[in-house]
Amino acid sequence: MSLNRETVSTEQAPKAIGPYSQAVKAGGFVFISGQLGFDPSTGAFVSSSVSEQTRQVLENLSAILQASGSSLRDVVSCTVYLKDMNDFASMNEVYASFFQENPPSRAAVEVSRLPKDGLVEISCIALVP
């Protein structure tokens, strides 16, 4: 059985900083690569605040989802990577404002380092209606 596979890219989110796609659509799902708190127009972090970086991460995810024909309401799973688990409450407050109803499944882990020394990175999987 052959499944269609399509890469997704948008200028409304930061360009990939390595050999990967912003997202891949396959089998009725879209798989979004981990996003950092980069402003897509400058390529720089929006701030040194985990709350502001989380907000930008989720806006970047939303832009990629929209480009794929999906949206945040179609997200079924997220993985959150935090530089410091002490930032969990700040990240979670912003995260909750983006997923107010029927939030997706989620894992959150502390990592020793993120690309470009980011404070938070989030990847997700969503349905493509």
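Note that the structure is a prediction, hence the values are computed from the model and not measured.
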Inset, instruction - Considering non-hydrogen atoms only, spot the tightest contact between I122 and V120 and give its length. - result: CG1-CG2, 4.2 Å
Inset, instruction - Could you tell me whether the side chain of R106 reaches within less than 4.5 Å of the side chain of N92, counting heavy atoms only? - result: yes
Inset, instruction - Write down the atom of A13, the atom of N60, and the distance for their closest heavy-atom approach. - result: CB-O, 3.9 Å
Inset, instruction - Answer yes or no: is there a side-chain heavy-atom contact under 4.5 Å between L36 and P14? - result: no
Legend entry - V128 reachable from I125 in the ILVMFWY side-chain graph, under 4.5 Å edges: no
Inset, instruction - Tell me, yes or no, whether the heavy-atom count around E59 atom CD, taken from other residues, nucleotides or ligands under 6.0 Å, exceeds 12. - result: yes
Inset, instruction - Answer yes or no: does atom CD of E52 have more than 12 heavy-atom neighbours from other residues, nucleotides or ligands under 6.0 Å? - result: yes
Inset, instruction - Starting at OG of S68, measure out to CZ of F29 and round the result to the nearest 0.5 Å. - result: 12.5 Å
Legend entry - Point-to-point distance, once rounded to the nearest 0.5 Å, from NZ of K25 to OG of S70: 9.0 Å
Inset, instruction - For V75 and C124, work out which heavy atoms get closest and say how close. - result: CG1-CB, 4.0 Å
Inset, instruction - State, with a plain yes or no, whether a side-chain heavy atom of V57 is found less than 4.5 Å away from one of Q35. - result: yes
Inset, instruction - Report the C-alpha distance between C78 and F99 in whole Å, list the side-chain angles of each, state the deciding distance to 0.1 Å, and finish with yes or no for side-chain contact (heavy atoms from CB on, under 4.5 Å). - result: CA-CA 11 Å; C78 285; F99 295 106; 4.2 Å; yes
Inset, instruction - Using the rule that two of Ile, Leu, Val, Met, Phe, Trp, Tyr join whenever any of their side-chain heavy atoms come within less than 4.5 Å, decide whether Y95 and L82 are in one cluster. - result: yes
Legend entry - Same apolar cluster: L61 and V46, side chain cutoff 4.5 Å: no
Inset, instruction - Please answer: with hydrophobic residues joined when any side-chain heavy atoms are less than 4.5 Å apart, are L72 and V94 in the same cluster? - result: yes
Inset, instruction - Give the minimum heavy-atom separation between E121 and P115, together with the two atoms involved. - result: OE1-CD, 3.6 Å
Inset, instruction - Kindly give the heavy-atom pair with the smallest separation between E110 and M85, and that separation in Å. - result: OE1-N, 2.7 Å
Inset, instruction - Please name the pair of heavy atoms, one in P40 and one in E11, separated by the smallest distance, quoted to 0.1 Å. - result: CB-O, 4.0 Å
